[in-house]
Amino acid sequence: MPTIDGQRVVADLKRLAEFGRYKTGVHRPTYSPVDVESRHWLAEKLGEAGLDPVIDGIGNVIGRNPSAQRRLLIGSHSETQPYGGWLDGSLGVIYGLELARAFAEDPGCAEFGIEVAAWADEEGHYGNYLGSRSFTDALPEDEIDQTRGRDDGTPLREALERAGLAARPRERVDPKRYVGYLEAHIEQGDTLDTSGLRIGIVETIVGIWNYRISLIGEQNHAGTTRMVRRKDAGVAMVRLATRIHDCFPEIAGLRTVWTIGRILLEPNAPSVVPGHAEMQVQFRDADIDRLAVFEKSLHELVSEADRAGPCACEIETIARTEPRPMDPRFQDQIEAAAERHAPHMHMRLPSAAGHDAAVLSYRMPAGMMFIPSLRGISHHWSEDSKEEDIVLGAQVFADAAERILRSVR
Ligand SMILES: [Zn+2]
């Protein structure tokens with residue numbers, strides 16, 4: 001079994017966190033100067049581990065192993081959320097690097113190759129899963145032309161140019177090259193932390209369905225417009241939002257979640273009756289049938305609001321990702337490795353967050369492993385995990401990778 005060096009893993013994670021350090025977390029948006037610097041550092045580390053590193057035209061850092069007979073691709077993303085945590089994404093990338101080293105140091109694993117990927121922009125500073133979609137042929141050129149930064153509207157082409165990536169070719173997957181794809185990540189939720197368990201085996205990455213709902217009323221003077229005459233889009237939106245929150249619990253599963261995370265009022269002024277309002281509704285579940293039930297219910301609530309008046313109500317689908325089951329053989333091998341190193345301290349669970357593994361799973365068998373997030377906090381600079389869990393996770397992951405390389409045909 002390849003043996004990991006826990007101190008080396010922790011030291012590399014801490015070094016990577018220096019790129020864009022913010023308090024105890026990291027601020028490293030995709031294609032920012034510090035992100036580009038960190039990608040060059042990663043490429044160098046992959047080279048030192050004996051891999052052939054390349055940074056491609058979308059920013060993916062990939063370390064190839066040309067000589068192996070059977071290969072696993074291991075990765076995650078290396079940019080962070082704004083003022084985010086030091087482990088989100090980075091953990092899976094550094095685990096990949098450590099596995100490449102541990103496999104190279106183990107004579108019993110000479111025929112196996114670990115290839116490592118740090119995907120670009122999983123966190124959506126520009127698009128969604130740009131790096132892993134580019135690698136799996138799911139990112140067309142015209143989407144790159146049209147994509148802009150979510151904060152300042154910088155065209156993606158310009159950001160790639162400034163990052164020194166524009167002239168580089170984009171690496172594409174050859175699925176035949178791999179037994180499959182493995183990704184480790186912090187859980188980000190609190191399921192493992194509150195149950196005192198140390199390893200999570202991901203069964204499914206949830207589907208995420210997003211909608212924009214518009215309420216169309218009549219903008220008018222907040223003093224002279226009598227209440228009976230008003231078509232207040234703000235009131236209509238609040239009523240509908242309340243209906244949604246009242247009705248969804250009746251159709252929810254144990255782990256269904258829904259969020260109204262963005263609302264807008266026009267013109268959003270104290271003395272004007274709002275003429276237009278908009279909210280975005282999102283729900284997530286591992287069961288596609290349940291997602292369909294939620295969608296039907298949302299459409300019914302919107303029609304009901306529209307019929308009730310006085311404001312018109314419209315719904316538009318923004319994006320729907322399917323739930324992606326992880327390969328059952330990979331789940332079994334991760335579980336067997338977890339049982340060896342942390343007996344009875346592991347569980348199977350869905351991933352409530354989206355991950356690159358969902359994208360990769362369309363092209364090859366994929367699996368995911370979680371370690372606990374302290375208090376379930378993530379996407380915040382205070383995100384953290386116990387050092388002993390980081391080290392244990394790396395060893396379980398290495399063991400699982402070897403089991404998969406030996407057993408899965
Ligand atoms: Zn992440």
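Counting convention: from 1, in listed order, for ligands and their atoms alike.
Between Tyr95 and Phe397, the ring planes lie tilted relative to each other; the angle falls in the 30° to 60° range. Ring-plane geometry between Trp209 and Phe283 is classed as tilted, the angle between the planes lying from 30 to 60 degrees on a 0 to 90 degree scale. A perpendicular orientation is assigned to the rings of His185 and Phe370, their planes being inclined by more than 60° (bins at 30° and 60°).
For the 3.5 Å distance criterion, the side chains of Tyr211 and Gln280 fail to qualify, holding no donor opposite an acceptor.
Around the Zn ion (ligand 1), the protein contributes the following N, O or S atoms at distances under 2.8 Å: His77 NE2, Asp88 OD1, His185 NE2.
Annotation: Trp381 is not in aromatic contact with Tyr83 [ring centroid separation under 6.0 Å not met].
For the atom pair Asp399 CG and His341 NE2, the distance stands at 3.5 Å (nearest 0.5 Å).
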